Asks: 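Have a look at this one.
Values in this document were obtained by computation on a predicted structure and should not be read as measured data. In this chain, numbering begins with 1 at the start of the sequence shown.
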Amino acid sequence: MTLQTLHFSDDQAVAWDAVAALLERAGVDLTEGHCLPATGDGQATRAIMGKAGSGKTMLLAKLTEALRAAGVEIVSGEYEGRRRRERRSLAVLAPTNKAASVLRTRGVPATTIHRILYTPVYDPEFERIAEWLTGNLPRPTVAGLTDTALDRAHAFYEQVKSIPGALAAAGLRGSDFITGWKRRDDPLDIGFVDESSMLDARQLDDLKELFSTLVLFGDPAQLAPVGQSGEMVFDKLPEPARLTLSRIHRQAQDNPILDLAHALADPVMDFEQFEGMVAEAARHDDRVILAERVDSDLMARSPVLVWRNATRLRLITAFRNAHQAPETALLPGEPLICDGLELPLKHRKKRIDLEARGLIKGAQVVYLGPGRKPGFSRLHIFGAEEPQISVASIIKIEIDPEEEPFIPYAATMGAAFVHGAACTIHKAQGSQWSDVQVFAPDLYAAARSGRSEAGIPLWKRLAYVAITRAEHRLHWIIRNRLGRPRAPLTTEDLAAAPAPLSLGDSP
């Protein structure tokens with residue numbers, strides 16, 4: 001693989017060479033396309049930093065391809081074959097389901113950090129199928145599965161390297177072949193972490209313990225995790241371990257959204273000038289919309305991004321009122337965000353099960369309807385490999401920040417959720433949506449507050465993060481108003497799936 005073939009810019013070529021040298025010292029030669037057993041020479045961490053459009057994801061994807069071509073095995077978190085002493089492995093990670101799914105849509109086999117910390121325990125009968133598909137055992141004979149079903153599994157795996165997907169093609173469900181989850185015992189080899197600006201110091205320490213070679217990909221202009229004084233984890237790495245991509249590749253495509261994001265770097269730009277730039281962009285390009293009111297139809301799948309919690313609650317209340325949602329129940333199609341797991345320590349196995357299946361703090365879901373048992377809800381998890389599940393839920397509808405939330409559904413314990421029609425910009429990090437609505441009155445309030453983070457005006461950091469969540473279209477909302485829905489809430493846009501997986505009869 002040559003740099004000419006990859007069409008790298010100068011800064012990407014420098015970053016490629018630095019990572020290639022790091023991997024070569026660890027026994028993986030990207031130039032010659034081969035790998036040796038791990039050297040065991042200790043832990044090494046590097047960071048590739050760059051703003052939106054600088055080519056971080058393209059570089060990550062090409063490095064992943066090169067490692068695959070060199071014989072490195074991709075660890076996805078869904079199945080691992082029998083350990084071979086000489087095996088070299090790579091895991092591509094993201095902090096959230098949504099961030100991992102964004103990478104997967106670009107051809108990168110990513111999974112979440114939570115998912116890689118736990119490994120599935122397969123039923124021995126079906127594990128033989130997995131070992132056959134991965135080339136470690138001859139074709140098995142399995143009671144209850146026909147040759148045609150095995151052929152379907154093999155054909156699927158040839159196209160998509162997913163063991164659960166292949167077993168599903170044979171007519172099986174996750175509950176048939178995965179009997180549980182366990183905390184990973186053995187360390188892994190090479191780890192790539194996207195959206196590493198979202199990591200806190202403890203998560204980085206956990207990853208260093210797990211991976212002997214770790215490469216962080218992150219955007220230094222995003223918001224730092226709460227409680228870290230505006231610092232990203234890669235800020236504390238020594239200077240030689242940090243590389244910055246400065247060229248903005250996607251600007252060559254005349255992307256007005258990215259143009260606006262990068263205009264925020266101008267130190268003399270104030271809020272009024274910036275909003276004037278947004279208005280000018282909207283006059284010439286339909287990818288930027290200057291809107292007088294929030295679009296309530298978009299809120300069902302893409303939350304309005306706000307700074308203040310009080311604004312979030314007002315918009316959620318207005319959204320539910322506009323859809324005539326009852327105070328005591330949810331309507332199918334209402335969006336939710338996982339707010340954590342309310343489980344005591346003795347239910348550690350259940351916590352692992354929930355997290356491994358995608359119900360981690362910040363996961364975005366849609367309410368499909370009540371489950372078969374009291375306190376259970378049927379949900380669709382965006383970005384999860386098995387998106388439709390039934391789970392013990394504690395759903396909180398907040399109305400006033402000074403009052404206790406209303407709880408229309410509640411199990412004794414389980415996964416907790418808040419409404420997802422609006423969310424704070426901090427919580428939106430790592431996610432992308434086709435259309436994003438940014439509530440400008442909140443950013444104006446942040447500008448008037450005069451607050452800064454790491455020497456940068458807070459409103460600029462907030463605006464940068466919010467704007468770069470938009471893949472195709474940015475809606476800049478200039479008034480504190482909500483438009484009436486044009487259609488009722490629905491679940492028809494969510495992919496049909498086998499019967500939702502139930503996460504247990506009890507928490």
Side-chain angles (χ1 to χ4, degrees), residues 98 289 291-306 308-339 362-371 375-382 387-391 393-401 403-410 415-425 427-428 431 433-442 469-470 473 475-496 500:
K98 187 69 172 174
I289 297 171
E292 291 280 340
R293 54 180 57 84
V294 175
D295 186 326
S296 56
D297 292 301
L298 285 178
M299 292 171 75
R301 296 294 178 267
S302 174
V304 182
L305 303 186
V306 305
R308 298 174 293 192
N309 191 51
T311 305
R312 179 180 71 88
L313 299 187
R314 284 199 303 271
L315 286 169
I316 288 170
T317 301
F319 171 85
R320 300 199 77 236
N321 289 340
H323 282 285
Q324 299 181 336
E327 291 185 2
T328 57
L330 288 177
L331 297 175
E334 288 198 64
L336 301 171
I337 296 174
C338 182
D339 198 38
Q364 297 156 18
V365 310
V366 171
Y367 178 75
L368 302 177
F376 275 62
S377 300
R378 292 184 295 113
L379 306 169
H380 179 101
I381 308 173
F382 286 113
Q388 296 195 3
I389 66 169
S390 177
V391 62
S393 310
I394 303 166
I395 298 175
K396 306 171 184 177
I397 304 299
E398 303 157 283
I399 299 173
D400 188 307
E403 298 179 5
E404 288 296 313
F406 174 72
I407 302 177
Y409 308 107
F417 298 91
V418 295
H419 208 278
C423 77
T424 62
I425 295 169
K427 283 193 174 182
S431 296
W433 297 271
S434 178
D435 284 62
V436 164
Q437 299 186 84
V438 179
F439 196 72
D442 256 23
R469 300 312 91 202
R473 189 170 289 107
H475 302 250
W476 187 263
I477 313 301
I478 63 174
R479 297 284 183 269
N480 190 5
R481 300 172 183 169
L482 181 76
R484 292 183 180 278
R486 294 182 293 276
L489 290 168
T490 182
T491 60
E492 293 180 1
D493 59 312
L494 305 176

Asks: Going through the distances and angles, do Ile425 and Asp442 end up as a side chain to side chain contact (heavy atoms under 4.5 Å, CB included)?
Replies: CA-CA 11 Å; Ile425 295 169; Asp442 256 23; over 6 Å; no
Asks: Check the pair Arg301, Asp493 against side chain to side chain contact (heavy atoms under 4.5 Å, CB included), reporting the backbone distance first and the verdict last.
Replies: CA-CA 10 Å; Arg301 296 294 178 267; Asp493 59 312; 2.8 Å; yes
Asks: For the atom pair CD (Glu398) and CD1 (Ile407), what is the distance rounded to the nearest 0.5 Å?
Replies: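 Those atoms lie 10.0 Å apart.
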Asks: Verify side chain to side chain contact (heavy atoms under 4.5 Å, CB included) between Ile389 and Phe376, making sure each step is shown before the conclusion.
Replies: CA-CA 10 Å; Ile389 66 169; Phe376 275 62; over 6 Å; no
Asks: Under a 3.5 Å distance rule, please check whether Arg312 uses its side chain to pair with a backbone N or O of Ala422 as donor and acceptor.
Replies: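 No, Arg312 side chain to Ala422 backbone: no donor-acceptor pair under 3.5 Å.
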Asks: Out of curiosity, Arg481 CZ to Leu315 CG, how far, rounded to the nearest 0.5 Å?
Replies: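 The distance works out to 14.0 Å.
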Asks: Which atoms form the tightest heavy-atom contact between Gly420 and Pro303, and what is the distance?
Replies: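 That would be O-CB, 3.3 Å.
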Asks: Just how far is it from atom NZ of Lys427 to atom CD of Gln364, taken to the nearest 0.5 Å?
Replies: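 One finds 10.5 Å between NZ of Lys427 and CD of Gln364.
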Asks: To the nearest 0.5 Å, how far apart are CG in Asn480 and CZ in Arg293?
Replies: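 That separation rounds to 11.5 Å.
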Asks: Can Cys423 and Leu305 be said to form a side chain to side chain contact (heavy atoms under 4.5 Å, CB included), step by step?
Replies: CA-CA 5 Å; Cys423 77; Leu305 303 186; 3.7 Å; yes
Asks: So, does Ser390 use its side chain to make a donor-acceptor pair with the main chain of Arg378 at under 3.5 Å?
Replies: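 Absent.
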Asks: If every non-hydrogen atom of Leu482 is compared with every non-hydrogen atom of Ser296, which pair is closest and at what distance?
Replies: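 Heavy atoms of Leu482 and Ser296 come nearest at CD1-CB, 3.9 Å.
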Asks: Taking Gln437 for the side chain and Asp295 for the main chain, is one N or O donor matched with an acceptor at less than 3.5 Å?
Replies: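 Answer holds: yes.
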Asks: If you measure from CH2 on Trp433 to CG on Asp435, what distance do you get to the nearest 0.5 Å?
Replies: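 The CH2 atom of Trp433 sits 12.0 Å away from the CG atom of Asp435.
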Asks: Nearest 0.5 Å, please: how far is CG in Leu494 from CG in Leu379?
Replies: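 One gets 11.0 Å once the value is rounded to the nearest 0.5 Å.
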Asks: To check you understand the geometry: which heavy-atom pair defines the closest contact between Glu327 and Arg320, and what is its length?
Replies: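 Taking every non-hydrogen atom into account, CA-NH1, 4.5 Å.
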Asks: Is there a side-chain contact between Phe319 and Leu489, using heavy atoms and a 4.5 Å cut-off?
Replies: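 A side-chain contact exists here, since the closest heavy-atom pair is under 4.5 Å.
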Asks: Could you check whether any side-chain N or O of His323 sits under 3.5 Å from a backbone N or O of Ala325, counting only pairs where one atom can act as donor and the other as acceptor?
Replies: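 Such a contact is absent between His323 side chain and Ala325 backbone.
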Asks: For the residue pair Thr491 and His380, establish whether any side-chain heavy-atom pair is separated by less than 4.5 Å.
Replies: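 In short, these two side chains do not touch, never coming nearer than 4.5 Å.
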Asks: Just one of Ile397, Val365, Ile337 clears the side-chain contact (heavy atoms from CB on, under 4.5 Å) bar with Phe417, so which one?
Replies: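 Answer after filtering Ile397, Val365, Ile337: Val365.
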Asks: Can you see which heavy atom on Ala421 is nearest to which on Met299, and at what distance?
Replies: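 Closest heavy-atom pair between Ala421 and Met299: O-CE, 3.5 Å.
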Asks: Taking all non-hydrogen atoms of both residues into account, name the closest pair between Asp297 and Arg484 and its distance.
Replies: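 Nearest heavy atoms, Asp297 then Arg484: OD2-O, 4.4 Å.
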